[in-house]
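Inspection log for the structure reproduced underneath, given as structure tokens.
Residue numbers begin at 1 in each chain, while the letters A, B, ... track the order of the sequences. As the structure is a computational prediction, the values presented were derived from the model and not from experiment.
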Amino acid sequence: MVKKILLLLLLLVAMVPSAYAQRTILFATDATWPPMEFVDNNKQVVGYSIDFLKAAAKEAGFKVEFKNTAWDGIFSGLLTGKYDAICSSVSITKKRQKKMDFSEPYFEVRQALVVAKDSNYTRLVDLKGKKVGAQIGTTGYFTIKKADGAIAKSYDEVGLAMEDLKVGRIDAVICDDPVAANFAMIKYHNDLKISAIVKTDKTEYYGFPVVKGNHEVLDLINKGIVAVKTKGIAKKLKEKWIGK
Amino acid sequence: MKKIDIGDGAAIPSPDDKQLLSAWWIAFVGTIALLIALPIYDPDTYGAVLAFIPDGIQVTFEVTILSIALALIIGLITGLGRISENRIFNLLASLYVEVVRGIPLLVQLFYIYFALGRIVQVPDIVAAVIAMSFCYGAYMGEVFRAGIMSIDFGQSEAALAQGFNKAQTMRYVILPQAWRTILPPVGNEFIALLKDTSLVSILAVADILRRGREYAASSFDYFETYTIIALVYLLITLILSKLLAHMEQRLNYYEKR
């Protein structure tokens, strides 16, 4: 009996410091989106969004943990409470805002049209009746769906769409411009090119979605984002991961 | 109540029993009822999913029918190869079965589409059919082999004594009898293949599952979407299993007398 009480006390003592320790926030990330978030050769999740969030955490005083999660279903996991937030280049859209709360924007993106090096497609209208690929459930995919007459093909990962474009099974891929640049200028620079930036009426920004109504986590993240932006860390990270 | 012993044949209802409350009927009526009631209950979610997937159902059927037809042909050749006295034919067939059985279907799909895609480009549905039939051909081969071997050796002896050559013996004496043993497991493989076609959605083939995932990804109606997807697959396999049961019964017609 005494032993049990002692054990209980020991447990309590062990738990007390954690109450004062920094809050750990669990983020889901689909690390297949270079250079924003991807798995490097050391099997670590790295990238612009990851570094940005780590810097924000340092500024606002919380800890981050990442959980590599498939994109298709990443929102479902958030809605069912499997993690606190998502750090995965999520563009802030009206439809998504209905289901989740978004942090302050942390990055501005545009949709880029990636085509084969020898192709002449420069506008969405050129792609009437052509197969255009994108990652499932991304703003790139929704852009194709909105485009008149293009046949939308959805892939689990943007890399698979790029591979299909390289071997010639589809005619174009639409995705966020930093990712498009990574594939068209580094990985597949012999075969692919960015032919255009898709014009939209509204500017698109990345944010970190959290469970609707979770103000505690949202405030912490926002505090960090503001600090990272004002201190000029964001600019340095942009130079590191994206270049010009 | 009659006490039923283990192994008592009476425990298994005969297929001839016209039971209204069989498991099949409950599942079938339940599935249909849900597929009708849910879209009426909420047309904006359940109804919208159902309206989104018909071309996916068509693709699933295309892949299934083409794959099963090819797999049957490959399976018959492989099965004959596995019992062949021709050493090379036998070795090739056995090698094929060993290799295919040892690689997961999902990996085979990726291999044929993305790895071989670097060398030869085939359209996505063709890649899906090749991978599915290549995989299932090996399993079918084993089913055919077992079916052929289940026929008493006396049958071939008698046929050969009658002056049939080996090919004729196989064609006119062994295979027609073997069909009865082969059909039930082939039917199972057929249904398994139909369900496994959901794996081809990974190749961006717009089948039932891919269409459902596309719908869920933009609407966030995960529960509603996957409920409908599951019900649609269930309805298709229920109808298929009933058709196969009927075919089995007809093949066994003479044995019952």
Side-chain angles (χ1 to χ4, degrees), chain A residues 30 70-80 82 86 88 90-91 93-100 116 131-146 151-171 173 188 190-191 209 211-212, chain B residues 44-45 48-49 51-53 55-56 58-59 63 106-107 109-131 198-230:
Chain A
D30 168 34
W71 174 259
D72 188 24
I74 206 167
F75 298 118
S76 158
L78 182 73
L79 299 179
T80 50
K82 290 202 178 74
I86 299 173
S88 203
V90 183
S91 294
T93 68
K94 272 214 175 110
K95 218 165 178 180
R96 288 174 181 161
Q97 276 173 318
K98 273 186 205 156
K99 300 276 175 179
M100 306 161 259
K131 284 182 183 166
V132 188
Q135 186 173 9
I136 187 168
T138 57
T139 42
Y141 183 73
F142 301 141
T143 308
I144 307 169
K145 284 298 246 189
K146 263 184 248 156
I151 302 162
K153 273 186 71 93
S154 70
Y155 291 80
D156 283 18
E157 292 170 21
V158 73
L160 300 180
M162 293 290 181
E163 174 68 25
D164 252 9
L165 177 61
K166 177 200 141 59
V167 301
R169 272 189 286 232
I170 54 175
D171 304 288
V173 169
Y188 293 108
N190 288 327
D191 309 285
V211 181
K212 221 172 175 52
Chain B
D44 293 336
T45 58
V49 186
F52 196 82
I53 56 170
D55 58 340
Q58 196 195 329
V59 169
V63 174
L106 189 57
V107 176
L109 281 167
F110 266 109
Y111 196 84
I112 288 180
Y113 193 70
F114 289 111
L116 293 186
R118 281 282 169 102
I119 304 158
V120 242
Q121 287 90 48
V122 288
D124 48 11
I125 292 196
V126 178
V129 169
I130 292 173
S198 60
L199 288 172
V200 307
S201 72
I202 205 88
L203 306 183
V205 172
D207 73 334
I208 299 177
L209 182 60
R210 165 74 39 186
R211 282 288 183 242
R213 290 169 65 186
E214 281 170 358
Y215 180 83
S218 66
S219 68
F220 307 109
D221 297 330
Y222 297 101
F223 182 84
E224 293 83 351
T225 306
Y226 294 117
T227 304
I228 292 288
I229 298 291

- prompt: Checking heavy atoms, do the side chain of B:Tyr226, its backbone, both or neither come under 4.5 Å from chain A?
  reply: side chain
- prompt: How about residues 131-139 of chain A versus chain B: which residues have heavy atoms under 4.5 Å apart?
  reply: A:Ile136, A:Gly137
query: Once you round to the nearest 0.5 Å, how far does CZ of B:Phe220 lie from CG of A:Leu78?
result: 10.0 Å
- line: Sorted by chain and number, sequence neighbours left out, side-chain hydrogen bond (donor to acceptor under 3.5 Å, both in side chains) with A:Tyr155 holds for A:Asp164
- line: chain A shares the most heavy-atom pairs under 4.5 Å, among B:Val122, B:Val205, B:Ile202, B:Leu203, with B:Val122
task: Using a cut-off of 6.0 Å, state whether more than 12 heavy atoms not belonging to A:Lys146 lie near its atom NZ.
output: no
- prompt: When rounded to the nearest 0.5 angstrom, what is the spacing between OG1 in A:Thr80 and OH in B:Tyr222?
  reply: 9.5 Å
message: What part of B:Tyr113 gets within 4.5 angstrom of chain A, counting heavy atoms only: side chain, backbone, both, or neither?
response: both
- prompt: What part of A:Lys166 lies closer than 4.5 angstrom to a heavy atom of chain B: side chain, backbone, both or neither?
  reply: side chain
statement: Max heavy-atom pairs within cutoff under 4.5 Å with chain A, candidates B:Ala204, B:Pro123, B:Ala217, B:Ala216, goes to B:Ala204
message: Main chain of A:Ser154, side chain of B:Arg210: is a donor-acceptor contact present, judged purely on distance under 3.5 Å?
response: yes
message: Is A:Asp72 close to chain B through its backbone or its side chain, or both, or neither, when contacts mean heavy atoms under 4.5 Å?
response: side chain
task: Sort A:Lys99 into side chain, backbone, both or neither according to what part of it lies under 4.5 angstrom from a heavy atom of chain B.
output: side chain
task: Please round to the nearest 0.5 Å and tell me the distance separating atom CZ of B:Phe110 and atom CG of A:Leu160.
output: 6.0 Å
- prompt: By ring-ring contact (aromatic ring centres under 6.0 Å, His included), which residues pair with A:Tyr188, not counting sequence neighbours?
  reply: none
task: List for me each residue that meets side-chain hydrogen bond (donor to acceptor under 3.5 Å, both in side chains) alongside B:Gln121, sequence neighbours excluded, and say none if there are none.
output: none
